[in-house]
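Working notes, structure below.
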2 protein chains.
Amino acid sequence: MTEAASRPTLEAVAARAGVSRATVSRVVNGGEGVREPLVERVRQAVEELGYVPNQAARSLVTRRHDAVAVVIAEPEDRVFADPFFARQLRGISKELTAHDNQLVLLLTEGRDDHARVARYLAGGHVDGALVFSLHLDDPLPGLIRHAGVPTVFGGRPGWSDGAGRAAYVDSDNRGGARAAVRHLADLGRTRIAHITGPLDQTSAADRLDGYRDVVGHAEPLLVVESDFTPGGGERAMRALLDRVPGLDAVFAANDLTAAGALRVLRERGRRVPDDVAVIGFDDMLPLAEQTDPPLTTVRQDIEEMGRLMARMLLHRPGPGAPGGDGAEADAAAGVVLPTTLIRRASA
Amino acid sequence: MTEAASRPTLEAVAARAGVSRATVSRVVNGGEGVREPLVERVRQAVEELGYVPNQAARSLVTRRHDAVAVVIAEPEDRVFADPFFARQLRGISKELTAHDNQLVLLLTEGRDDHARVARYLAGGHVDGALVFSLHLDDPLPGLIRHAGVPTVFGGRPGWSDGAGRAAYVDSDNRGGARAAVRHLADLGRTRIAHITGPLDQTSAADRLDGYRDVVGHAEPLLVVESDFTPGGGERAMRALLDRVPGLDAVFAANDLTAAGALRVLRERGRRVPDDVAVIGFDDMLPLAEQTDPPLTTVRQDIEEMGRLMARMLLHRPGPGAPGGDGAEADAAAGVVLPTTLIRRASA
DNA sequence: GTGAAAGCGCTAACAA
DNA sequence: TTGTTAGCGCTTTCAC
């Protein structure tokens, strides 16, 4: 219970081991070019004193921080209706931990916070940033790119100004949607409706594209834009049933929407999947398992997305590497992860 | 797009403003004791150069970091089946941001990670820690207390070794449970069952106590220990129905469990709430709204819990203050937040 | 292979 | 009120 009084310094360790500070430093940082017996002596001294390097002092000279910012820009409550970010965080955390990096979490509450985040990032407190921003018109990504910090985005960024260079990780929204709709078609369904998400988000737009890849643009009446919420799903489902009473399948852009749709279908006396088959997207648990009937849906490997984002940031070619200055790295700007159709009872 | 070359230092600002570094420092840190015209000159130079203080250099001398660690020790997937932590994080983040503190997120994956976290905390990289650890036998809280870092716990800590001094924030699990069960009694229900959570978690134990406050210990057959999962809820509900077919109400220790119970009740042909009334705990959205019927449940103000934790940590009496050395602060060790019964259709 | 010494950018006495 | 100066604890040339 020795009170934190003042923690031992390199100096103290050096004294104890009977070597110079430089030697201790070398040992602490990997021990390259120090002879074995000395290494051992220093290790022991470190152990005995419970020495932990002072990161501030180290950063001051190395200009590295071994810290990465995770920026989550989600003004709405959606972040919390959804374990999505939590899972990605887990993936990110694992990868960062494996490389001895710390995770600094920056949550933004709205536009006011943007300046704060931009300042922080520009302030060089972290070695890079992982950014989640879902809306096309979000000014934050621009601010961040301007801050000159190496960045990897979560989800395909929607802006278009020479953004070919932005590194990102996304899941295969389009392919997943295609698989879902194709599955409905294979079931013999011919009037397949789609409840979209907010189309200012690339994930929603991509899922719509996937739907169209299979059914074409033939029946615009079968597509309703919604908002990724259960309430929106209900409204959309009602509209669809009013417009096309004979529809026999629904592909909802996410599970929340699908849950709302399911309720309306039940309320209107449609049996699922007998009369109308339903597929969602996300495999959001426990929701997808708890709906009635349990929801067939498209799963994405969210944790892996997080891990990959961190890996891309950490392993990007260093500032001195050929072909780039680090911030605007290398070739493969975007990485897209596969999705899987999870069959339950609803389709 | 000026590449981060090297950011301006205090020195540069001083030169530009024609003053000394000390003066710039004073202005940057609030401007106390500097005459107005100078303040203005310095501010301008800061602006023009886009100066941002180097936190590492500052920490090195002040030994403060304006950073707080949030430690989430949850080996299981529960963290992510539940927006609980995300919400608390939001609350914490808001409060920290308001006081210009950064949030360093430490997720632990299991025992292996404990040493890492303990080392980090002991390393003096942060000014304090907010710790979530749900299990009685978790060694992490002990390690952390040993690290000598000011700490506030999320949820009443369960260990007993002189832990009267540990600061924590919890919601009124016992009172909430009492309100739920009392509501069931007011509905005229007389055979009220309880599906508990894992009793090695104080929240589950406290909810059981609340239940007993109302119904007493009379009917042990009406209480089944479960695990906070839907599957566990199903199993518990089956056991309950087998043992006490005539039961007319169930208080489930959380919404996930309640959802499982609801399914079994339907499957066994019991109408809810007519035959059996059901109440959950948490008000976990969207689940609680999407069950059939929508779930009556006990809501806790999760975000406020987070905010309060941060506030307690930030405003704790400083190291020099009377009556304590900061780590083992003042009087009110624990703060308990009220809960609210949310009435929906299930009870 | 090892040590001595020079800062990294900042704050905090202390002097002026 | 302002400036001068001495470090904070560490890494990193550069000699030896």
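Heavy-atom basis, side chains included; hydrogens, waters and symmetry copies ignored. Here is the naming used below: chain letters follow the sequence lines, and residue numbers restart at 1 for every chain.
- In this entry the distance linking CZ of A:R7 with C1' of D:dC10 reads 12 Å, nearest Å.
- Residues of residues 18-33 of chain A having a heavy atom closer than 4.0 Å to DNA chain D, listed by number: A:R21, A:A22, A:S25, A:N29.
- Within a 6.0 Å radius of CD in B:E36, other residues, nucleotides and ligands contribute more than 12 heavy atoms.
- Tested against B:V34 for a side chain to side chain contact (heavy atoms under 4.5 Å, CB included), the candidates B:V24, B:V39, B:V19 yield a single pass: B:V39.
- Considering CG of B:L106 and NE2 of B:H114, their distance stands at 11.0 Å, rounded to 0.5 Å.
- Looking at heavy atoms from C-beta onward, A:R7 lies in side-chain contact with A:V52 at the 4.5 angstrom threshold.
- Looking at B:L10 and B:S25, their side chains come closer than 4.5 Å, going by heavy atoms from C-beta outward.
- Considering B:T151, B:L143, B:V149 in turn, B:V149 is the only one that fulfils the side chain to side chain contact (heavy atoms under 4.5 Å, CB included) rule with B:L121.
- Listed for the B:N101 side chain is a donor-acceptor partner under 3.5 Å among the backbone atoms of B:A67.
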### Message
A:L130 vs A:L313, test: side-chain contact (heavy atoms from CB on, under 4.5 Å). Steps then yes/no.
### Response
CA-CA 8 Å; A:L130 300 175; A:L313 189 62; 3.8 Å; yes
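- Environment of CD in B:E48: crowded, with over 12 heavy atoms of neighbouring residues, nucleotides or ligands closer than 6.0 Å.
- Between the CD atom in B:E303 and the OG atom in B:S93 there is a gap of 9.5 Å [rounded to 0.5 Å].
- There is no side-chain donor-acceptor pair under 3.5 Å between B:N54 and A:R63.
- Atom pair B:L10:CG and D:dG3:P shows a separation of 13 Å (rounding to whole Å applied).
- Between the C1' atom of D:dG7 and the CD atom of A:E11 lies a distance of 13 Å, rounded to the nearest Å.
- For the segment residues 38-45 of chain A, no residue has any heavy atom less than 4.0 angstrom from an atom of DNA chain D.
- Nucleotides of DNA chain C with any atom under 4.0 Å from a heavy atom of chain A span, from 5' to 3', C:dG1 to C:dG9.
- Nearest to the side chain of B:R35, among D:dT2, D:dC8, D:dT11, sits D:dT2.
- Rounded to whole angstrom, the span from the CG atom of B:L60 across to the P atom of D:dC8 amounts to 9 Å.
- Residue A:R58 places at least one side-chain N or O under 4.0 Å from the OP1 or OP2 atom of D:dT11.
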